Amino acid sequence: MNKILIANRGEIALRIMKSAKEMGISTVAVYSEADRNSPHVKYADEAVLLGPAPSSQSYLLGDKIIEFALKLKVDGIHPGYGFLSENGAFAQAVEDAGITFIGPSADSMKIMGDKLSAKEAAKAFNIPLVPGTEGAVENPAEAIDICKEIGFPVLIKASAGGGGKGMRIVEKEEELEEQIHSAISEAKSAFGNGAVFIEKYVASPRHIEVQVLCDTHGNMVHLFERECSVQRRHQKVIEEAPSAIISEQLRAEMGAKAVDVARACDYIGAGTVEFIMDEQHNFYFMEMNTRLQVEHPVTEMITGIDLVKEQIRVARGEKLSFSQDDLKIQGHSIEVRVYAENARENFMPDIGNLRVYKRPHGVGVRVDDGFVEGMDIPIYYDPMISKLVTYGKDREEARLRMIRAIEDYKIVGLSTTMEFAKFVMEHEAFISGNFDTHFVNKHFSPELLDKTTAGNEDIAAMIVAHLLAGNKENKAAMPSEGKAAKTSKWKANRV
Ligand code: MV4
């Protein structure tokens with residue numbers, strides 16, 4: 001493999017190119033009109049314009065991307081996350097064009113892309129599943145007996161949904177029939193597939209996911225877990241590895257089950273098996289993400305493995321160079337997703353210009369980003385500015401380092417979720433590890449930010465320094481300036 005095309009943008013495109021470069025592989029970037037000046041375009045050896053800013057006219061144009069790849073004699077295509085990364089038809093079209101898709105087969109994606117077929121595949125391998133209906137629920141009468149048996153509340157889920165889309169909680173029997181009907185019709189219109197199923201509702205789950213890696217020779221390993229319980233509306237905000245609450249024994253059990261899920265769909269490459277865990281530490285398989293995930297860096301930090309390089313090696317047909325026994329957790333890593341959002345205003349997206357953008361540095365600090373100072377954050381894509389990752393010998397060192405890194409990170413021109421992240425880092429529930437997926441609703445309100453915020457003097461000083469340094473712009477932006485430009489046009493891209 002001498003040349004790969006990265007069918008993505010921003011931080012993940014750059015992340016992939018860096019590993020390719022270290023492997024002596026040349027890179028082709030694709031970009032939209034909104035991303036002409038983006039670092040991922042400059043960093044690549046070659047770059048091709050796909051079209052106008054909207055993803056539907058650029059990053060989602062699979063055929064056009066394959067056309068360019070053929071013209072430029074590309075050997076492999078890496079899809080990153082989001083966009084075409086879990087599109088089985090795209091993966092197949094890439095392979096049909098004689099190009100290697102750096103990811104799993106279209107068949108694996110198809111099995112795991114549908115929650116019911118994923119559960120069915122997992123069941124054959126004795127993976128723990130939340131008690132519920134088997135197969136799609138068509139008539140409410142048959143569902144009612146099962147729901148009485150498992151007990152209310154129950155959760156109706158759309159098979160074609162995922163990441164929380166198309167879910168509804170049903171508290172009592174009387175509401176079941178109506179809710180099933182409306183869930184089916186909603187699933188039909190939202191996903192073009194009306195298949196729904198029912199599970200017992202796990203009231204206070206933790207989100208634990210296991211990284212797996214599989215080669216084409218039948219070797220399958222897990223790279224331990226990540227915990228992503230701090231989320232808001234199914235958008236992850238903070239991730240860490242390992243989980244603060246998992247014992248060695250439980251880790252080995254979950255890892256083995258995750259590998260079995262991979263086996264159940266003949267998985268190849270890097271993938272993530274998502275579980276929820278209840279208060280008694282029972283864990284249940286939820287879904288498998290058949291791509292490299294946003295939060296993969298925390299796994300890289302604690303294992304020393306470069307996951308992108310491993311993906312490329314597997315795609316080249318090489319054997320994994322390590323076995324399960326070679327893998328050890330070393331230290332602890334935390335990732336904060338820095339979004340251009342205003343936590344004081346219900347996390348409204350906040351567009352604007354990165355007037356001041358100074359990254360933190362130092363031991364145990366990693367920043368994966370795709371912007372530089374002076375750039376606008378485009379409205380067309382995910383509002384994530386960067387991923388701030390810290391590493392420490394233990395959780396406490398990683399946590400204190402994160403607080404330091406957040407304080408050292410200077411972003412002026414738009415609101416970010418960093419002060420919210422600092423609030424989480426300093427919260428007793430996070431420190432003690434006693435939290436679940438309801439963390440934000442349970443513990444956060446905007447008023448609480450003012451107690452922990454260091455003060456605006458720092459920011460004012462930054463602006464003055466910036467102006468003195470020769471910035472011709474005479475309207476220095478306070479962090480709240482972007483408020484005027486807030487928009488609802490962001491395309492949600494939850495990954
Ligand atoms: C659940 C659940 C409670 N009980 N299933 C949401 C996303 C999808 N991957 C699974 N999800 C859930 N499934 C049962 N039977 C609660 C959630 C859930 C959740 C899971 C992980 C992380 C954050 C979450 C936020 C709300 C609900």
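As the structure is a computational prediction, the values presented were derived from the model and not from experiment. Numbering of ligands and ligand atoms starts at 1, following listing order.
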### Message
Any carboxylate oxygen within less than 4.0 angstrom of a Lys/Arg side-chain nitrogen, looking at Glu248 and Arg251?
### Response
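Yes.
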
If you count the atoms of ligand 1 from 1 in the order shown, which ones are under 4.0 Å from a heavy atom of [X]?
{"X": "Met286", "answer": "5 (N), 10 (C), 13 (N)"}
{"X": "Glu287", "answer": "8 (C), 9 (N)"}
{"X": "Glu199", "answer": "5 (N), 14 (C), 15 (N)"}
{"X": "Tyr201", "answer": "3 (C), 4 (N)"}
{"X": "Gln231", "answer": "22 (C), 23 (C)"}
{"X": "Lys200", "answer": "4 (N), 14 (C), 15 (N)"}

Among all protein non-hydrogen atoms, which one is nearest to [atom], and what is the separation to 0.1 Å?
{"atom": "atom 5 (N) of ligand 1", "answer": "Lys157 NZ, 2.9 Å"}
{"atom": "atom 27 (C) of ligand 1", "answer": "His234 CE1, 3.7 Å"}
{"atom": "atom 20 (C) of ligand 1", "answer": "Ile276 CG2, 3.9 Å"}
{"atom": "atom 21 (C) of ligand 1", "answer": "His207 ND1, 3.5 Å"}
{"atom": "atom 3 (C) of ligand 1", "answer": "Val202 O, 3.2 Å"}
{"atom": "atom 9 (N) of ligand 1", "answer": "Glu274 OE2, 2.6 Å"}
{"atom": "atom 11 (N) of ligand 1", "answer": "Met167 SD, 3.8 Å"}
{"atom": "atom 7 (C) of ligand 1", "answer": "Gly164 N, 3.3 Å"}

### Query
Does ligand 1 have an atom that lies less than 4.0 angstrom from a heavy atom of Arg206?
no

### Message
Please determine whether any non-hydrogen atom of His438 lies less than 4.0 Å from an atom of ligand 1.
### Response
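Not so, His438 does not reach ligand 1.
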
Hey, are [Y] and [X] close enough side-chain-wise for a donor-acceptor pair under 3.5 Å?
{"X": "Arg359", "Y": "Ser386", "value": "no"}
{"X": "Tyr409", "Y": "Thr416", "value": "no"}
{"X": "Thr272", "Y": "Gln293", "value": "yes"}

#### Entry: Over-ring placement of Arg399 relative to Phe430, 6.0 Å and 45° cut-offs
no

Throw together a table of side-chain donor-acceptor distances under 3.5 angstrom for residues 440-447, partners on residues two or more places apart or in other chains.
residue, atom, partner, partner atom, Å
Lys442, NZ, Asp436, OD2, 2.8
Ser445, OG, Glu447, OE1, 3.3

### Query
Counting only N and O atoms by type, is there a donor-acceptor contact under 3.5 Å from the side chain of Ser117 to the main-chain atoms of Ile111?
yes

### Task
Using salt bridge (charged side-chain N to carboxylate O under 4.0 Å, His left out) as the criterion, list what pairs up with Lys119, not counting sequence neighbours.
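Applying salt bridge (charged side-chain N to carboxylate O under 4.0 Å, His left out) to Lys119 gives Glu199.
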
### Message
Please determine whether salt bridge (charged side-chain N to carboxylate O under 4.0 Å, His left out) holds for the pair Arg401 and Glu397, giving the CA-CA distance in whole Å, both sets of side-chain angles, and the decisive distance to 0.1 Å.
### Response
CA-CA 6 Å; Arg401 202 162 260 164; Glu397 190 173 50; 3.7 Å; yes

### ligand 1-proximal atoms of Thr437, by part, heavy-atom distance under 4.0 Å
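The answer is the side chain.
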
### Task
Give the C-alpha distance, both sets of side-chain angles, the deciding distance and a yes or no for salt bridge (charged side-chain N to carboxylate O under 4.0 Å, His left out) between Arg313 and Asp215.
CA-CA 9 Å; Arg313 288 191 186 116; Asp215 67 18; over 6 Å; no

### Query
Which of the listed options, Val130, Asp436, Leu155, holds the heavy atom that is closest to atom 2 (C) of ligand 1?
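The nearest heavy atom belongs to Leu155.
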
### CD/Glu149: more than 12 non-hydrogen atoms of other groups inside 6.0 Å
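Incorrect, the count does not exceed 12.
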
